[in-house]
Peer 1: 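Before we start, here is the structure in question, set down as structure tokens.
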Amino acid sequence: MAKKSESSRAPRVHLASLGCAKNLVDSERLLGRLAAAGAIVGAPVDEADVAIVNTCGFIAPAREESLDVIHEYVAWRREASGRRLFVMGCLVARSSEELRALAPEVDGFFGIDDHAALVRAVGLAETDPEDEGRLLLTPHHTAYLRISDGCDNRCSYCTIPSIRGPFRSRPMDEILREASDLAAFGVREVNVIGQDTSLYGVDLSPRVGIHDLLGRLSAIQGLRWIRLLYVHPAHVSDELIDAYTSLPNLVPYVDLPLQHLSDTILEGMNRHVTQADCLRLIKRWRERVPGVSLRTTFIVGFPGETEAQFAELLDFVRDLSFDHVGAFAYSPEEGTPAAALPNRVPSGVVEDRLRRLMELQQEIVRRANKARIGTEVEVLVDGPAAERGVWISRTATQAPDVDAVTRLRGKRLAAGEFVRARIVGFEGYDLDAVAIP
């Protein structure tokens, strides 16, 4: 049983979660711990006694956003006496002293795993771990399932190993218990996440593979869609690709961050793959899993990237016709090997290349969406859109938060439903559909 706060009134806690889905899971776990200890969580900020900001420190734009949000909450703290503000997460792990200097009015700073200390700082006693769980910040029918933390890949541009430490797989039984609990709660879609999901199990004893875990997850009653995210191209096994043909609820969607397709740039990034490796992998996946949807990300403007190398990347993007592409301007991060590389690409050139890449992808998606008109698909309804009579939904090949959506019209719809729909049009990346009675 959770212990009560010594205060006569339970603290009301508001939490702002920034950054990636892995950070969101950290926030959900903290909220579960606070609730088990007696806090009232999920309070609107103007009704809260305590505000917590879970920060992202991955790249410069994310750090800037985190600082902006922290200063917004500092202003909130000044508006009424007795309010308290705590800051946690990746940016604290990376730059705690700098943060303390920039935001001295914050009542406490906590790292990624300092949940117990934060619970005490709020004024609550610790609880039995069995009383704790996650409080989902996603719609009730969908959730992220984190299977590992940290990373050993050591990409030359990346700060994750220094922030989150070495790669660590969660025990399979622990993951399966959590997935079963989510299914019992009503979750129908799980999105499997980790810094490198394709490496899952290499550090466990006995050793297992990601395909073993997916097979066990597939057997959990109630999980209709299982989606695998963050698959590093250097670690894809034949068994993993086979899982896509044998597990009916493993959706045909692959999140395969390539980052570039020039051998020189891939070597400079320390990606452990060549251009030929990437092309063979894409060919294997498309041959063995017909209709598979491929999502990838690219970094534009890595030090030394020439116009010829960027043009080569554009040619490959045009020829390979990825279903989803995310693109980012290279950000030189202090302490990473890439930050010391010469031949920095001017920011104006980087922005121009980023624009050209995304304009090309927009044209690829426009043609693909046009070809989808008239086809029938299954969609998962997430909730009502701002426009009356329209519901935000997603196909199996549209991941939450990062991909486009399907705008659905129909009668008597409800969040969490799976619905047959006909594609009738599109706007930008998003599809328009009508429910089939």
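The analysis underlying the following values was restricted to heavy atoms, covering all of them including side chains, and did not include hydrogens, waters or symmetry mates. Just so it is clear, the structure is predicted and the values come from calculations on it, not from any experiment.
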Peer 1: Side-chain polar contacts of residues 313-320 - donor-acceptor pairs under 3.5 angstrom, sequence neighbours left out - could you list them?
Peer 2:
| from | atom 1 | to | atom 2 | distance (Å) |
| --- | --- | --- | --- | --- |
| D315 | OD1 | R318 | NH1 | 3.0 |

Peer 1: Closest approach of R224 and N249, non-hydrogen atoms and distance?
Peer 2: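 That closest heavy-atom pairing would be O-CB, 3.1 Å.
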Peer 1: If you look at every heavy atom in V119 and A37, which pair is closest and at what distance?
Peer 2: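 Looking at all heavy atoms of both residues, the shortest contact is CG1-CB, 3.9 Å.
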Peer 1: Just by distance, with hydrogens left out, do N369 and R366 show a side-chain donor and acceptor under 3.5 Å apart?
Peer 2: no
Peer 1: Work out which heavy atom in V202 is nearest to a heavy atom in S169; give both atom names and the distance.
Peer 2: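 Heavy atoms only, the tightest pair is N-OG, 4.4 Å.
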Peer 1: For V236, does its backbone N or O pair with a side-chain atom of S198 as donor and acceptor, under 3.5 Å?
Peer 2: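 Judged by distance alone, no pair lies under 3.5 Å.
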Peer 1: side-chain contact (heavy atoms from CB on, under 4.5 Å) between F185 and L136: does it pass, once the steps are laid out?
Peer 2: CA-CA 10 Å; F185 178 72; L136 296 184; 3.9 Å; yes
Peer 1: Can R227 and N191 be said to form a side chain to side chain donor-acceptor pair (under 3.5 Å), step by step?
Peer 2: CA-CA 5 Å; R227 183 180 292 102; N191 298 281; 2.6 Å; yes
Peer 1: Side chains of residues 53-62: which donor-acceptor pairs under 3.5 Å do they make with residues two or more places apart or in other chains?
Peer 2:
| from | atom 1 | to | atom 2 | distance (Å) |
| --- | --- | --- | --- | --- |
| N54 | ND2 | N23 | O | 3.2 |
| N54 | ND2 | S27 | OG | 2.8 |
| T55 | OG1 | M88 | O | 2.7 |
| T55 | OG1 | L91 | N | 3.1 |

Peer 1: Side chains of K22 and Y230: closer than 4.5 Å at any heavy-atom pair?
Peer 2: yes
Peer 1: Rounded to the nearest 0.5 Å, how far does OG1 of T336 lie from CG of N270?
Peer 2: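 The OG1 atom of T336 is 11.5 Å from CG of N270, to the nearest 0.5 Å.
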Peer 1: Tell me yes or no: between the side chains of S148 and Q195, is some donor less than 3.5 Å from an acceptor?
Peer 2: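 Short answer, no.
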Peer 1: Under 4.0 Å between a side-chain nitrogen and a carboxylate oxygen: does that hold for E333 and R63?
Peer 2: yes
Peer 1: Does Q361 reach the main-chain N or O of F322 with its side chain, forming a donor-acceptor pair under 3.5 Å?
Peer 2: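 Confirmed, Q361 side chain pairs with F322 backbone.
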Peer 1: Between L341 and F302, is any pair of side-chain heavy atoms under 4.5 Å apart?
Peer 2: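 Yes - at least one pair of side-chain heavy atoms lies under 4.5 Å apart.
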Peer 1: Of the non-hydrogen atoms in A35 and V41, which two are nearest, and what is the gap between them?
Peer 2: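 Closest approach of A35 to V41: N-CG1, 4.1 Å.
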Peer 1: Within this structure, what is the CD1-CG distance for the pair I220 and D181, rounded to the nearest 0.5 Å?
Peer 2: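 Between I220 CD1 and D181 CG, I get 9.5 Å after rounding to 0.5 Å.
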Peer 1: Side chains of H235 and D196 only: does a donor on one sit below 3.5 Å from an acceptor on the other?
Peer 2: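 Short answer, yes.
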Peer 1: Give a yes or no answer on whether the side chain of Q275 reaches the backbone of L261 with a donor-acceptor pair at less than 3.5 Å.
Peer 2: yes
Peer 1: May I ask you to say whether D352 pairs ionically with R355, meaning some side-chain N is under 4.0 Å from a carboxylate O?
Peer 2: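 The answer is yes: the pair qualifies as a salt bridge.
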Peer 1: Counting neighbours of CD on E359 that are heavy atoms of other residues, nucleotides or ligands and sit closer than 6.0 Å, is the number greater than 12?
Peer 2: yes
Peer 1: Under 3.5 Å, is there a donor-acceptor pair between the side chain of D107 and the main chain of L85?
Peer 2: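 Here the side-chain-to-backbone pair exists.
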Peer 1: Is the backbone of A121 close enough, under 3.5 Å, to the side chain of R84 for a donor and an acceptor to pair up by distance?
Peer 2: yes
Peer 1: Between A327 and L357, which heavy-atom pair has the shortest distance, and what is it?
Peer 2: CB-CD2, 3.6 Å
Peer 1: Roughly how far, to the nearest 0.5 Å, is the CD1 atom of I265 from the CD1 atom of I299?
Peer 2: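 It is 10.5 Å, given to the nearest 0.5 Å.
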Peer 1: Are L258 and F298 side-chain neighbours, meaning at least one heavy-atom pair lies under 4.5 Å?
Peer 2: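 Touching, per the 4.5 Å side-chain cut-off.
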Peer 1: Between R146 and E178, does any NZ, NE, NH1 or NH2 come within less than 4.0 Å of an OD or OE carboxylate oxygen?
Peer 2: no
Peer 1: Between H115 and L34, is a side-chain contact (heavy atoms from CB on, under 4.5 Å) present by the stated rule, with each step listed?
Peer 2: CA-CA 9 Å; H115 290 189; L34 286 166; over 6 Å; no
Peer 1: Does the side chain of T274 pick up a donor-acceptor pair with the side chain of D277 at under 3.5 Å?
Peer 2: yes
Peer 1: Would you say that L213 contacts L176 through its side chain, given a criterion of any heavy-atom pair below 4.5 Å between the two side chains?
Peer 2: yes
Peer 1: Say whether Y73 and H14, considering side chains only, have a donor N or O and an acceptor N or O under 3.5 Å apart.
Peer 2: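 The answer is yes; a qualifying pair exists.
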Peer 1: To the nearest 0.5 angstrom, please state how far the CZ atom of R188 sits from the CG atom of L380.
Peer 2: 10.5 Å
Peer 1: Looking only at side chains, do Y144 and D401 share a donor and an acceptor under 3.5 Å apart?
Peer 2: yes
Peer 1: Check whether any side-chain N or O of S162 sits under 3.5 Å from a backbone N or O of T159 as a donor-acceptor pair, and report yes or no.
Peer 2: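 Side chain of S162 to backbone of T159: a pair is present.
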Peer 1: On a heavy-atom basis, which atom in M358 and which in V325 lie closest, and how many Å separate them?
Peer 2: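 Result for this residue pair: CE-O, 3.7 Å.
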Peer 1: Between D149 and R170 (salt bridge meaning N to carboxylate O under 4.0 Å), is one present in this structure?
Peer 2: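 Result for this pair is no, no salt bridge flagged.
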Peer 1: Between R9 and D49, is the salt bridge (charged side-chain N to carboxylate O under 4.0 Å, His left out) condition met? List the steps.
Peer 2: CA-CA 11 Å; R9 182 172 64 81; D49 311 303; 3.0 Å; yes
Peer 1: Short question: side chain of S95, backbone of L99 - any donor-acceptor pair under 3.5 Å?
Peer 2: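 Checking the backbone N and O of L99 against the side chain of S95, no donor-acceptor pair under 3.5 Å is found.
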Peer 1: Donor-acceptor pair, R168 side chain versus P166 backbone, under 3.5 Å?
Peer 2: yes
Peer 1: For E427, does the CD atom sit with more than 12 other heavy atoms under 6.0 Å from it, leaving out its own atoms?
Peer 2: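 Atom CD in E427 is not crowded, with 12 or fewer foreign heavy atoms closer than 6.0 Å.
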Peer 1: Hey, are the side chains of I163 and C90 touching, using non-hydrogen atoms and a 4.5 Å cut-off?
Peer 2: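 The answer is yes; the side chains approach within 4.5 Å.
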Peer 1: What distance separates L431 CG from R394 CZ, expressed to the nearest 0.5 Å?
Peer 2: 13.0 Å
Peer 1: For residues F109 and D114, determine if any side-chain heavy atom of one lies less than 4.5 Å from a side-chain heavy atom of the other.
Peer 2: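 Of all side-chain heavy-atom pairs linking D114 with F109, none is under 4.5 Å.
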Peer 1: Go through the side-chain N and O atoms of D403 and Y253 and say whether any donor and acceptor fall under 3.5 Å apart.
Peer 2: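 On atom types as modelled, these side chains qualify, holding a pair under 3.5 Å.
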Peer 1: Rounded to the nearest 0.5 Å, how far does OG1 of T395 lie from CH2 of W225?
Peer 2: 6.0 Å
Peer 1: Is any side-chain N of the basic residue among E351 and R356 closer than 4.0 Å to the acidic one's carboxylate O?
Peer 2: no
Peer 1: Residues in side-chain hydrogen bond (donor to acceptor under 3.5 Å, both in side chains) with E105, at least two apart?
Peer 2: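 Applying side-chain hydrogen bond (donor to acceptor under 3.5 Å, both in side chains) to E105 gives R78.
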Peer 1: Let's go through L256 and L281 carefully: what are the C-alpha distance in whole Å and the side-chain angles of both, what is the deciding distance for side-chain contact (heavy atoms from CB on, under 4.5 Å) to 0.1 Å, and is it a yes or a no?
Peer 2: CA-CA 10 Å; L256 192 70; L281 180 57; 3.8 Å; yes
Peer 1: Okay, side chain of H272, backbone of N153: is any donor-acceptor separation there less than 3.5 Å?
Peer 2: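 Checked: pair present.
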Peer 1: For H141 and D382, test the side chains for any donor-to-acceptor distance below 3.5 angstrom and give the result as yes or no.
Peer 2: yes
Peer 1: Quick one, W285 and Y244 - any side-chain contact, counting heavy atoms below 4.5 Å?
Peer 2: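 Side-chain contact under 4.5 Å: yes.
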Peer 1: Do H260 and E305 have side-chain atoms, one donor and one acceptor, less than 3.5 Å apart?
Peer 2: yes
Peer 1: Count the heavy atoms of every other residue, nucleotide or ligand shown that sit under 6.0 Å from CD of E98, and state whether that count exceeds 12.
Peer 2: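 For E98, atom CD is not crowded (no more than 12 foreign heavy atoms under 6.0 Å).
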Peer 1: Does V45 offer a backbone N or O that forms a donor-acceptor pair with the side chain of W76 under 3.5 Å?
Peer 2: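 Indeed, once roles are kept as given, a pair shorter than 3.5 Å links the two residues.
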Peer 1: Looking at side-chain heavy atoms only, is the closest gap between L294 and R286 below 4.5 Å?
Peer 2: yes
Peer 1: For R271, run the side-chain contact (heavy atoms from CB on, under 4.5 Å) check against S156, C155, C278 and tell me which one passes.
Peer 2: C155
Peer 1: Take I52 and L15, measure what side-chain contact (heavy atoms from CB on, under 4.5 Å) needs, and give me the verdict at the end.
Peer 2: CA-CA 5 Å; I52 300 171; L15 187 146; 4.1 Å; yes
